[in-house]
Amino acid sequence: MEQEKKLYLETFGCQMNVSDSEKIVGLMRGIGYGETSDPAHADLILLNTCSIRATAEQRVYGHLGKFKSIKKKKPRLIIGVGGCVAQQEGERLLEKAPFVNLVFGTHNLHLLQGMVTAAESGKRSIETDFLDDEKRFDLFPAAGKDGSVTRFVTVMQGCDNFCAYCIVPHVRGREISRSAAKIVDEVAKLTEAGVSEVTLLGQNVNSYGLKTPGEPDFADLLKMVAELEGLQRLRFTTSHPKDISERLIACFAEIPKLAPHIHLPAQSGSDQVLKRMNRGYTRTEYLAKVAALKEACPGIQITGDIIVGFPGEDEAAFEETMTLVEEVGYADLFSFIYSARPGTKAADFADDTPRADKQRRLERLQAAQKRRTLAQNQALVGSVQQVLVEGLSSTGDALFGRTGGNRGTVLSGDPSLAGRLLDVKIVEGLQTLLMGEIVQV
Ligand code: SF4
């Protein structure tokens, strides 16, 4: 019997990449590659890259350096690079890393099986053309980890917003929405296969359907998906604050299956910084949307992103971010120091804030958030939360699940409970986890 070939896949960055990587695993399985967690045992190494940080290219080349030494011992090893860095670097990647066999961009997953098969016969290839129609959603099968009870379903891709700091519109292309009928069909198939929760995924889901005549808007799409009987819980990400509509906010009150959590990146609390970022909303408008969400869904958990040290952010502007963060009361916050991405508008902005000042601001913001998250987790002790059990915890001796507010929860119970939505009493609130006990099976 022929031995199964092995794929080692490394994924960087956002949930869009995680979702693409699930598809890559399915596609490679289709041409005879099973997964391995050890690159030394691989016949095929693929990197699915992200270029959101300034050091992204160096990180990719650093990783490739490690794989080069494996290839010296195993000359038939195939190495491929995909995702946003591949889209940006293109031919340069093949020139700078001559041991790389294939480079595929963000719109080219559907070509990957053919590229790998060609590489098996010694052919190097590169595919980075944009495919700006709906076909790019349908050229490859929905695939994912077998047995998982939560899954991502892509509803739109690309972005037309051109925030001054962001590389996404340059590497993921223009915004395009997938047909609602195909989305509903995919979710139905997933629930039939045992999936309990789906997260509808896109760079800016709030603008879903708005540029596609005949398609519903995102609020109506949520309602259509929620009607599927087998589905227990529904989530979505990511939302742009300027595009979140009253109708979408009302969905949190109207759709019981919609989890009470939203990721709503503010990026800054200062109007002058938001304007330079080209975010399209003011601090007041952002806070008004947060207030409307809290009114529609009392107890909703809001998470966000903050960029510290954007060009032009002075101490006063940073203080406005600190007060915004306080006022929103984020459950969790992803925060980092701004770094310029070549090709974006902000890369040309003068940036005269010393690095040490940016670092100090970030540390202050993160320390305050850490205290807030812990206090919120501790405040949940004694409450009963609906936890969707995802499977075994990382230690393997307990179960892991998530509350509707998206807080990771560890509890005792039988592994057969995976996929069930259970009432769980919270008995301890830690920094990054809740500990719970099942109230009722
Ligand atoms: S909305 Fe702004 S930050 Fe988000 S992907 Fe589009 S350009 Fe980037």
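For ligands, and for the atoms within them, numbers begin at 1 and follow the listed sequence.
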Could you tell me which atoms of ligand 1, counted from 1 in the order shown, lie closer than 4.0 angstrom to a heavy atom of [X]?
X: Arg279; result: 2 (Fe), 3 (S)
X: Cys163; result: 1 (S), 2 (Fe), 3 (S), 7 (S)
X: His240; result: 1 (S)

What is the closest protein heavy atom to atom 8 (Fe) of ligand 1, and at what distance does it sit?
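Protein heavy atom with the smallest distance to atom 8 (Fe) of ligand 1: Cys166 SG, 2.3 Å.
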Note the single closest protein heavy atom to atom 3 (S) of ligand 1, along with its residue, its atom name and the distance in Å.
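Result: Tyr165 OH, 3.5 Å.
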Ring centres under 6.0 angstrom apart (Phe218, Phe236):
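Ring centres of Phe236 and Phe218 closer than 6.0 Å.
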Is [X] salt-bridged to [Y], cutoff N-O under 4.0 Å?
X: Lys223; Y: Glu254; value: yes
X: Asp348; Y: Arg276; value: no
X: Arg361; Y: Glu319; value: no

Distance-only donor-acceptor check, side chains Tyr165 and Arg279, under 3.5 Å
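Arg279 and Tyr165 do have a side-chain donor-acceptor pair below 3.5 Å.
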Would you kindly say whether Asn406 and His263 are connected by a side-chain donor-acceptor distance under 3.5 Å?
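No pair is found: no donor N or O on one side chain lies under 3.5 Å from an acceptor on the other.
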Strictly under 2.8 Å, is any N, O or S atom of Cys159 next to atom 6 (Fe) of ligand 1?
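Within the cut-off used here (under 2.8 Å), Cys159 does place an N, O or S atom near atom 6 (Fe) of ligand 1.
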Please state which part of Pro169 comes within less than 4.0 Å of ligand 1, counting heavy atoms only: side chain, backbone, both or neither.
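Only the side chain of Pro169 comes within reach of ligand 1.
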May I ask you to identify, for Phe162, whether its side chain, its backbone, both or neither come under 4.0 Å of ligand 1 on a heavy-atom basis?
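Backbone only; the side chain of Phe162 stays clear of ligand 1.
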Applying a strict 4.0 Å limit to heavy atoms, is Arg172 in contact with ligand 1?
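Outside the 4.0 Å threshold, so no.
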Has Lys211 got a side-chain atom pairing as donor or acceptor with Ile176's backbone, closer than 3.5 angstrom?
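No; zero donor-acceptor contacts below 3.5 Å.
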